[in-house]
Amino acid sequence: MKKQNNKNLFNKVYKIVRDVPKGKVTTYGDISMRLSSEVGVPSKRWARMVGFALHANTDSHTPCHRVVNKEGRIAPGFAFGGPDEQRKRLEAEGVRFLDRTHVDLQKHAISIHSS
DNA sequence: GATCTGACTATCT
DNA sequence: AAGATAGCCAGAT
């Protein structure tokens, strides 16, 4: 056994993202906090890994479009084929957009603390 | 094995 | 308030 922790980290990200209900969005910060719970450290350190994990798995069946940064902003243009695509998906799920790139976190940001 | 990069966040200017 | 810089970790080159 060694540091398969790292892989678990990615795996957790996918799992959490998939656990996000439709019409809801989660933030890198929240996921990071969840991960930090496992490792036992403060949050923001894994924020990048979360984004990385999603980017590494974008074409997978992971609803990365439900993952936004702490501002509720979607990916600038690296996503699926354009932030417009991601926005469309979220809107289709019932997510209210405050801006072309910002979702209504106050309404859709779910906190996935403890299972 | 060393260095750069990156879908982030927080802080400083 | 908006832009630039720093700090973090893991992956890719």
Side-chain angles (χ1 to χ4, degrees):
Chain A
M1 299 220 277
K2 290 200 196 149
K3 12 190 324 192
Q4 23 182 300
N5 248 26
N6 314 327
K7 255 202 143 204
N8 283 333
L9 192 67
F10 271 58
N11 195 12
K12 284 173 190 301
V13 175
Y14 304 135
K15 182 171 158 192
I16 294 169
V17 174
R18 279 204 297 271
D19 196 48
V20 175
K22 202 168 127 183
K24 297 275 185 167
V25 294
T26 188
T27 67
Y28 298 102
D30 276 6
I31 296 176
S32 294
M33 184 158 24
R34 188 92 149 47
L35 269 37
S36 62
S37 253
E38 302 283 328
V39 187
V41 287
S43 48
K44 54 154 171 165
R45 313 160 68 138
W46 313 105
R48 292 188 113 148
M49 306 297 74
V50 175
F52 233 52
L54 266 51
H55 186 208
N57 207 38
T58 306
D59 286 285
S60 177
H61 300 87
T62 312
C64 351
H65 56 268
R66 289 185 196 151
V67 184
V68 294
N69 69 9
K70 70 173 167 92
E71 282 184 68
R73 184 155 56 161
I74 62 180
F78 286 82
F80 327 84
D84 198 60
E85 180 66 50
Q86 183 171 9
R87 186 178 104 265
K88 248 172 62 170
R89 283 195 186 201
L90 289 167
E91 287 184 301
E93 294 192 354
V95 175
R96 186 199 298 189
F97 267 74
L98 304 174
D99 221 318
R100 195 177 87 127
T101 42
H102 291 73
V103 305
D104 193 337
L105 276 182
Q106 298 165 95
K107 203 179 196 321
H108 305 288
I110 65 177
S111 308
I112 341 175
H113 312 298
S114 37
S115 108

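Naming convention: chains lettered A, B, ... in sequence-line order (proteins, then strands); numbering from 1 in each chain. Values in this document were obtained by computation on a predicted structure and should not be read as measured data.
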Chemist: May I have the distance from A:N11 (atom CG) to C:dA10 (atom P), rounded to whole angstrom?
Modeler: 16 Å
Chemist: With rounding to the nearest 0.5 Å, note down the distance linking CG in A:L9 to CZ in A:F52.
Modeler: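 Separation between the atoms: 12.5 Å.
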Chemist: Can you tell me if A:H65 and A:E93 form a side-chain donor-acceptor pair at under 3.5 Å?
Modeler: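 Side chains of A:H65 and A:E93: pair found under 3.5 Å.
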Chemist: Which nucleotide wins on minimum distance to the side chain of A:R45, given the candidates C:dC9, B:dA7, B:dG6?
Modeler: C:dC9
Chemist: Which whole-number value in Å describes the distance from A:H102 NE2 to C:dA1 P?
Modeler: 13 Å
Chemist: Closest to the A:A47 side chain: C:dC9, B:dC8, B:dA7?
Modeler: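 Given the options C:dC9, B:dC8, B:dA7, the side chain of A:A47 is closest to B:dC8.
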Chemist: Whole angstroms only, please: what is the CG-C1' distance between A:N57 and C:dG11?
Modeler: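 In whole Å, C:dG11 C1' lies 14 Å from A:N57 CG.
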Chemist: Quick one: which of B:dT9, C:dC9, B:dA7 gets closest to the side chain of A:M49?
Modeler: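 When the side chain of A:M49 is considered, C:dC9 is the closest of B:dT9, C:dC9, B:dA7.
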Chemist: What about A:R48, does its side chain sit under 3.5 Å from the base of C:dG7 through a donor-acceptor pair?
Modeler: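 Such a pair is found, so the answer is yes.
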Chemist: Nearest-Å distance, CH2 (A:W46) to P (C:dC8)?
Modeler: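 Distance check: A:W46 CH2 to C:dC8 P gives 13 Å.
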Chemist: If you compare all heavy atoms of A:C64 against all heavy atoms of A:V17, which two are closest, and at what distance to 0.1 Å?
Modeler: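 It is N-CG1, 4.2 Å.
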Chemist: Residues in side chain to side chain contact (heavy atoms under 4.5 Å, CB included) with A:R48, at least two apart?
Modeler: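 Here no residue qualifies.
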Chemist: If I take atom CG from residue A:L90 and atom CG from residue A:D104, how far apart are they, to the nearest 0.5 angstrom?
Modeler: 12.0 Å
Chemist: Nearest 0.5 Å, what's the NE2-CE distance between A:H55 and A:M49?
Modeler: 12.5 Å
Chemist: For the pair made of CD in A:E71 and P in B:dA7, what is the distance, rounded to whole Å?
Modeler: 16 Å
Chemist: Rounding to a whole Å, what distance do you find between A:F10:CZ and C:dA10:C1'?
Modeler: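 To the nearest whole Å, that distance equals 6 Å.
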Chemist: CG of A:D84 to CD of A:E91: how many Å apart, nearest 0.5 Å?
Modeler: 8.5 Å
Chemist: Measure the distance from CG on A:L35 to C1' on B:dT9 and round it to the nearest whole Å.
Modeler: 15 Å
Chemist: Got a list of protein N/O to nucleotides 10-13 of chain B N/O distances below 3.5 Å?
Modeler:
{"residue": "B:dA10", "atom": "OP2", "partner": "A:K70", "partner atom": "NZ", "Å": "3.2"}

Chemist: A:L9 CG to C:dA10 P: how many Å, rounded?
Modeler: 7 Å
